[in-house]
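Report on the following structure.
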Amino acid sequence: MPSSPLVIAVDSSTTSTKAIIVDAAGRVLAQHRCELAMHTPQVHCYEQDPRDWWHSTDRAIAGAVAALSSADRARVSHLCATVQRQSFALVTDAGEPLRPGILWLDGRAEEQVRRLGTEEIHALSGFQPDVTPSLYKLAWLADHEPETLHRADKVVGVHGYLVHELTGRWTDSVATADSLGLMDMAANTYSDHLVALAGLQASQLAELVPAGSVIDTVRPEITQAWGLPGPVELVAACGDGQAAALGVGAIEIDEAYLNLGTALVAGVHSPQYRYADAFRTDAAGIPGQYVLEIVQNSGAYLAGWFRTELGDPRLAGRPDPQLEEAAAQVTPGCGGLVTLPYWNAVQSPHWDPTALGAVVGLAGAYGRPEMYRSVLEGLSIEMSANLASLQAATGVPLRSIRVVGGGQRSVLWRQIMTDAVGLPLTDSPQEEVSAMGAAVLAMAAAGAHPSIAAAARAMADLGTSSEPDPTTHELYRELGEIQAGLYPALRETFARQRRFAADHPMR
């Protein structure tokens, strides 16, 4: 499609910002990546300088545009930036940060979750009481840094901050602002009750617009610095999880996406608002729809932790083909060894910020291959149970699962996940699927496709499928019954361990 528009799509994630330039068929013409620094000022606290969100976006886009010909630069018409969710900044009207931004994986607000979290808030916001939604971390700021919170002219997520840098407007997308946890999700607008609970005023929040709508024209001095000759329209985005669904064309309630990333995230679209213990509810990139999302905090992170701490020290946590091969030779189920994968607490299905991981059944016969395989099996069995709960809650069986993320490159883990879930997993050769989801929104706004749904179908690039082994699936179902009993049995033990750790911290 030589005369079709080109769009810039950005994925501003926790560790890096990626920019791709895409045509109407979903073909990537150029791309560039910039890394992001993360700071941990104390245990359970994770922060970033909000200015880095903009600087990395600016550099990533400039790097991608630099790879285009002059003719292709003239075809660039729209820009859309998907972002990490539940991360936010306190800023002045001019966009100057008053303190470091607090990230989604920050766990400082346990006390606020216990004090404020209710089923009423879950029903209203779509989010279970948990440390991830910004609501509880804002309440922490109201308790510990009230002057800074009150001095903030605006409280915005990453998308709202980028919109201001690009256009000068304090405007946010419904499908990115939702992750602050301050919205009446069914109504797709801010909840006065939740805003007050967070210690905020309505005037501190950005104006909301639907995902996929054009917000404004990017400031000409910015596009000119990128080397673009014409105006570029900024399109309202959705969060990176919802964008991944669009990027692989998973837009129906029986089509799931499964991201084997640092965390494990899976979800389906729903045409109406629902909430349940089995999932959290996000505003979808398709206006008026929702994404019902499973979240397991310890995903590829846990496999990497094992390789770093217990693997070959020369590899420093990088993938280890020898360990993978040895683990592949271990009998599925590891003789009953069970790993409860709650290294970073648990979201789906228990939503308990105080939960801990556990390895149960260790004996002298076990070595690194068996333990590593058990880690992968524990993650996969947990996802299988969560997907089963999701299907039970919606009443709709899954027809297909599209798998993305770095974890799918492990042949061993992908097959274990396939066998545990019991359905084929179809991959996407596209590495930057969340950015591709942003490209879907931008291309629909550019008029190259009749709707966001049509753009998602047309631009998705699907690859090969892995098939489950029925015998291994049944074995994992049996092992899953054992794994399902561990959290209830250990919940009080975890609480006691937390109290002990607080009284006797490691030095």
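In this chain, numbering begins with 1 at the start of the sequence shown. Keep in mind it's a predicted model, so treat the numbers as computed, not measured. Values below: every heavy atom of this structure, side chains too, minus hydrogens, waters and symmetry copies.
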Check this for me: Q201, atom CD, are more than 12 non-hydrogen atoms of other residues, nucleotides or ligands nearer than 6.0 Å?
no
Could I get the full list of side-chain contact (heavy atoms from CB on, under 4.5 Å) partners for D277, not counting sequence neighbours?
H122
Does the side-chain contact (heavy atoms from CB on, under 4.5 Å) test come out yes or no for L264 and N259, once each step is laid out?
CA-CA 6 Å; L264 298 186; N259 188 350; over 6 Å; no
CZ (R477) and OG (S384) are apart, to the nearest 0.5 Å, by 10.5 Å
Inspect the surroundings of CD in Q272 and state if more than 12 heavy atoms from other residues, nucleotides or ligands are less than 6.0 Å away.
yes
Distance alone, cut at 3.5 Å: any donor-acceptor contact between the side chains of D11 and T82?
no
Taking every heavy atom of G463 against every heavy atom of P429, the minimum-distance pair comes out as N-CD, 3.8 Å
Please find the pair of heavy atoms, one from L208 and one from T189, that lie closest to each other, and give the distance.
CD1-CA, 4.1 Å
Is any NZ, NE, NH1 or NH2 atom of the basic residue among R399 and E252 found under 4.0 Å from an Asp or Glu carboxylate oxygen of the other?
no
Would you say the side-chain atoms of Q347 and T132 include a donor-acceptor pair closer than 3.5 Å?
yes
Rounded to the nearest 0.5 Å, what separation is found between the CD atom of Q48 and the CG atom of L36?
5.0 Å
For the residue pair I452 and P287, establish whether any side-chain heavy-atom pair is separated by less than 4.5 Å.
yes
Do side-chain atoms of S4 reach the backbone of D23 as a donor and acceptor pair under 3.5 angstrom?
no
Spatial distance of atom NE2 (H350) from atom CG (N386) [nearest 0.5 Å]:
8.0 Å
Check: E119/Q128 side-chain N/O donor and acceptor closer than 3.5 Å:
no
Can a side-chain donor-acceptor contact be found between T354 and R498 if the only test is distance below 3.5 angstrom?
no
Do L79 and L166 come close enough that some side-chain heavy atom pair is under 4.5 Å?
yes
Is there a side-chain contact (heavy atoms from CB on, under 4.5 Å) between L162 and V83 once you walk through the steps?
CA-CA 9 Å; L162 292 179; V83 296; 4.1 Å; yes
Non-hydrogen atoms of L376 and A303 that approach each other most closely:
CD2-CB, 4.1 Å
Main chain of G407, side chain of S410: is a donor-acceptor contact present, judged purely on distance under 3.5 Å?
no
Minimum heavy-atom separation for L260 to Q408, with atom names?
CD1-N, 3.8 Å
Are L441 and H78 packed together at the side-chain level, in the sense that at least one heavy-atom pair is separated by less than 4.5 angstrom?
no
Take E431 and K18 through the test salt bridge (Lys or Arg N to Asp or Glu O under 4.0 Å) and record every step on the way to the result.
CA-CA 11 Å; E431 287 190 15; K18 292 81 67 177; over 6 Å; no
Taking it one step at a time, do D106 and V131 satisfy side-chain contact (heavy atoms from CB on, under 4.5 Å)?
CA-CA 7 Å; D106 188 283; V131 292; over 6 Å; no
Any donor-acceptor pair under 3.5 Å linking the side-chain atoms of Q483 with those of E382?
yes
Over all heavy atoms of both residues, which pair between D172 and G157 is shortest? Give the atoms and the distance, please.
OD2-N, 4.5 Å
Would you please test Q204 and D153 for side chain to side chain donor-acceptor pair (under 3.5 Å) and show each step?
CA-CA 5 Å; Q204 293 176 286; D153 293 312; over 6 Å; no
Full working for salt bridge (Lys or Arg N to Asp or Glu O under 4.0 Å) between R51 and E165:
CA-CA 9 Å; R51 291 168 294 195; E165 293 300 307; over 6 Å; no
For side chain to side chain donor-acceptor pair (under 3.5 Å), just list the numbers for D427 and T464, CA-CA rounded to whole Å, side-chain angles, deciding distance to a tenth of an Å, and then say yes or no.
CA-CA 6 Å; D427 66 23; T464 60; 3.1 Å; yes
Between L379 and G299, what is the shortest heavy-atom contact and its length?
CD1-O, 3.5 Å
To the nearest 0.5 Å, tell me how far D58 CG sits from D52 CG.
12.0 Å
Mind checking whether D282 and Y290 have side chains closer than 4.5 Å, heavy atoms only?
no
Kindly indicate whether the side chain of L197, heavy atoms from C-beta on, has any atom under 4.5 Å from the side chain of L116.
yes
Could you check whether any side-chain N or O of K137 sits under 3.5 Å from a backbone N or O of G107, counting only pairs where one atom can act as donor and the other as acceptor?
no
Under 3.5 Å, sequence neighbours excluded: what are the donor-acceptor pairs made by side chains of residues 231-239?
unit_1 : atom_1 : unit_2 : atom_2 : d
E233   : OE1    : T217   : OG1    : 3.4
E233   : OE2    : T217   : OG1    : 2.9

Tell me, do I251 and I286 make a side-chain contact under 4.5 Å, heavy atoms counted?
yes
Single hit among R115, R114, R108 for side chain to side chain donor-acceptor pair (under 3.5 Å) with E111
R115
Would you call I102 and F88 a side-chain contact if the rule is heavy atoms closer than 4.5 Å?
yes
Could you go through the side-chain contact (heavy atoms from CB on, under 4.5 Å) check for Y161 and V91 one step at a time?
CA-CA 9 Å; Y161 186 83; V91 296; 3.9 Å; yes
I would like to know whether S87 and Q84 meet side chain to side chain donor-acceptor pair (under 3.5 Å); could you show each step before the answer?
CA-CA 7 Å; S87 299; Q84 57 170 303; 2.6 Å; yes
Give me the ring orientation class for Y342 and Y487: parallel if the planes are under 30° apart, tilted from 30 to 60°, perpendicular past 60°.
perpendicular
Going through the checks in order, is the salt bridge (Lys or Arg N to Asp or Glu O under 4.0 Å) test met by E467 and R414?
CA-CA 10 Å; E467 296 289 335; R414 178 167 167 178; over 6 Å; no
State plainly whether the residues D240 and R85 are in salt-bridge range, i.e. N to O under 4.0 Å.
yes
Decide if atom CG of D254 counts as having more than 12 heavy atoms of other residues, nucleotides or ligands within a radius under 6.0 Å.
yes
So, T171 versus E207: side-chain donor-acceptor pair below 3.5 Å or not?
yes
Please check: side-chain N/O of E478 versus main-chain N/O of E474, any donor-acceptor pairing under 3.5 Å?
no
Got a second to check how far D178's CG is from Q242's CD, nearest 0.5 Å?
5.5 Å
For residues H164 and W170, determine if any side-chain heavy atom of one lies less than 4.5 Å from a side-chain heavy atom of the other.
yes
Which distance, rounded to the nearest 0.5 Å, do you find between the CG of N297 and the CH2 of W104?
5.5 Å
